[in-house]
Amino acid sequence: MGTNSERVLCVGLCNLDIVMVCPSYPLEDSDQRCISHRWQRGGNASNSATIFAEYGVKCEFLGTVSLDIGGQFMKKNFDEHNICTENCHYYEEFESPVSTIWINSENGSRTIVHANKNMPEISYEDFSALNLKDYSWIHFECRPNYEPMKANLEHIRRWNENKANNSITVSIEVEKPSLQQTEVLSLGDVLFISKDFAAAHGFSNMVDAVETLSCKLRRGATLICSWGEKGACAKSSDGPLYVSKAFPPTNVVNTLGAGDTFIAGSIISLMKGKNMQDAIIMGCKIAGTKCGMHDSKELSKLCPFS
Ligand code: ADP
Ligand code: FRU
């Protein structure tokens, strides 16, 4: 790592997470105190960016950011993590998306209630203003309206076609179960799907999901599915199946952002030249370690690359 073109770009949502760690899952219509409370910068692409930065990978976040108090908090936090946000689109007129999140300290589960009033997505105009020579890997969080992302992917495809340019690897996270089309699976080099997305397509386990859905990939691409405490698996369009078990910490205290951590951990491994089997094992180790912590500070010390 080191030259400019080895920077990772994470494209997607950043939102304000209002996190409350609760003694147990709250009862409806009850009134109680939490154990601890904090504001956190959240959003899948933004969380993955934090993990890249924690592991010393040069990283940029591209998204839309409000200038309201939540947006100012998040901008400062990006700066503190040394994550570049110079190409983000800043808005005075829109409010930051917000999630209120209950962590059940009995089992580490996270219950998320998300609100996004009207924040626009990153547009093709925003994306095409980037200098693509700065990036070796671009990771997209697929948003419910993914038309702008398709135009951005087409822009990268044209860039990659010119042999004089640095070649950019594209990964896409497809998490939302509301995404009914599988078309998006044919648009990147490494596709990450969630158990929610797989379940919405009728699958009850990760192996069946990747065995069946990998036929939607373009040639040479790989589909990866993570499944909580079951671990993760991967399969390319015409290759073997790889499986990794999960690596649970002694105490699961907080599973918020486990998937975002798994994605960043797997990508870092692939960028370091590891094969797909080792990459998903490392992704699971890093994500498992993170489930034993309330934030990702010092994660790279607790779970160094092997
Ligand atoms: P998300 O956070 O997006 O729902 P998952 O639940 O699939 O994502 O978790 C991603 C990865 O994090 C899993 O593949 C696994 O390696 C790790 N992980 C998640 N929950 C646990 C857990 N309870 N114990 C151990 N590892 C876990
Ligand atoms: C975790 C997360 C949170 C955010 C929510 C948005 O994966 O990115 O940080 O509030 O999901 O759906």
Side-chain angles (χ1 to χ4, degrees), residues 10-20 38-51 61 63 70 73-74 77-78 96-116 119 139 141-144 173-179 192-200 203 205-207 209-210 224-234 242-267 269 279-296 299 302-303:
C10 296
V11 187
L13 181 76
C14 78
N15 71 273
L16 181 64
D17 282 352
I18 299 177
V19 182
M20 302 213 172
R38 65 186 176 278
W39 281 23
Q40 226 171 256
R41 172 173 51 79
N44 295 9
S46 147
N47 288 336
S48 293
T50 304
I51 304 300
F61 171 79
F73 170 86
M74 291 190 277
N77 189 269
F78 274 124
S96 294
V98 180
S99 297
T100 49
I101 303 180
W102 291 344
I103 306 294
N104 175 356
S105 52
E106 285 178 334
N107 59 13
S109 78
R110 88 289 182 268
T111 303
I112 302 174
V113 182
H114 183 67
N116 186 346
M119 182 57 90
H139 174 69
E141 169 188 352
C142 184
R143 307 288 304 145
E173 179 200 21
V174 191
E175 188 203 38
K176 302 283 175 272
S178 55
L179 281 162
F192 291 92
I193 57 170
S194 66
K195 58 177 178 293
D196 289 349
F197 177 81
F203 299 100
N205 67 75
M206 60 186 183
V207 169
V210 300
I224 302 180
C225 180
S226 67
W227 205 282
E229 59 278 10
K230 296 270 187 261
C233 67
Y242 301 107
V243 180
S244 170
K245 67 177 179 99
F247 294 85
T250 316
N251 289 314
V252 176
V253 299
N254 185 336
T255 57
L256 177 61
D260 312 327
T261 306
F262 167 78
I263 288 172
S266 304
I267 293 175
S269 302
I280 60 170
I281 291 175
M282 200 59 214
C284 284
K285 282 186 178 165
I286 296 179
T289 308
K290 164 67 196 65
C291 291
M293 308 161 67
H294 279 294
D295 60 30
S296 52
L299 179 59
L302 286 169
C303 187

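Read the numbers this way: they start at 1 and go in the same order the structure lists the ligands and their atoms. Values in this document were obtained by computation on a predicted structure and should not be read as measured data.
No side-chain donor-acceptor contact under 3.5 Å links E229 to the backbone of P248. In this structure, T255 contributes its side chain and G108 its backbone to a donor-acceptor pair below 3.5 Å. Put simply, the side chain of N15 gets close to the backbone of G43: a donor and an acceptor are under 3.5 Å apart. Looking at D17, its side chain never comes within 3.5 Å of a backbone N or O of V19 through a donor-acceptor pair. S194 places a side-chain N or O within donor-acceptor distance of the main-chain N or O of E175, the cut-off being under 3.5 Å. The backbone N or O of V253 lies less than 3.5 Å from no partner atom in the side chain of N251, so there is not a single donor-acceptor pair.
Heavy atoms of A258 found under 4.0 angstrom from ligand 1 belong to the backbone as well as the side chain.
From I51, atom CD1 reaches atom CZ of F262 across 13.0 Å, with rounding to the nearest 0.5 Å.
Taking only non-hydrogen atoms, the option from E229, M206, K195, E175 nearest to atom 22 (C) of ligand 1 is E229. Of the candidates A246, G228, S266, G228 brings a heavy atom nearest to atom 18 (N) of ligand 1. Scanning S226, G265, S244, G231 for the heavy atom closest to atom 7 (O) of ligand 1 points to S226. Scanning T100, V113, I112, T50 for the heavy atom closest to atom 5 (C) of ligand 2 points to I112.
Each of H114, Q40, R110 was checked for a side-chain contact (heavy atoms from CB on, under 4.5 Å) with S99, and the lone residue meeting it is H114.
In summary, the atoms of ligand 2 found under 4.0 Å from a heavy atom of S99, numbered by their order in the structure, are 4 (C), 10 (O). Of all atoms in ligand 1, listed by their number and element, those nearer than 4.0 Å to a heavy atom of R110 are 4 (O).
Of the protein's non-hydrogen atoms, K176 NZ, 4.0 Å is the one closest to atom 12 (O) of ligand 2. Given atom 9 (O) of ligand 2, the protein heavy atom at minimum distance is D17 OD2, 2.6 Å. Here the protein heavy atom with the shortest distance to atom 12 (O) of ligand 1 is A287 CB, 3.2 Å. Given atom 1 (C) of ligand 2, the protein heavy atom at minimum distance is D260 OD2, 3.5 Å. For atom 1 (P) of ligand 1, the closest non-hydrogen atom of the protein is G259 N, 3.6 Å. Looking from atom 2 (C) of ligand 2 to the surrounding protein, the closest heavy atom is N44 OD1, 3.3 Å.
Taking the six-membered ring where the residue is Trp, W39 and F73 present perpendicular rings, their angle passing 60° and hence far from 30°.
At a 4.0 Å cut-off, at least one heavy atom of G43 sits close enough to ligand 2 to count as contact. Using a 4.0 Å heavy-atom cutoff, K285 is absent from the residues neighbouring ligand 1.
No N or O atom of E175 sits closer than 3.5 Å to an N or O atom of ligand 2. Where the criterion is an N or O separation shorter than 3.5 Å, residue side chain and backbone included, N47 meets it with respect to ligand 2.
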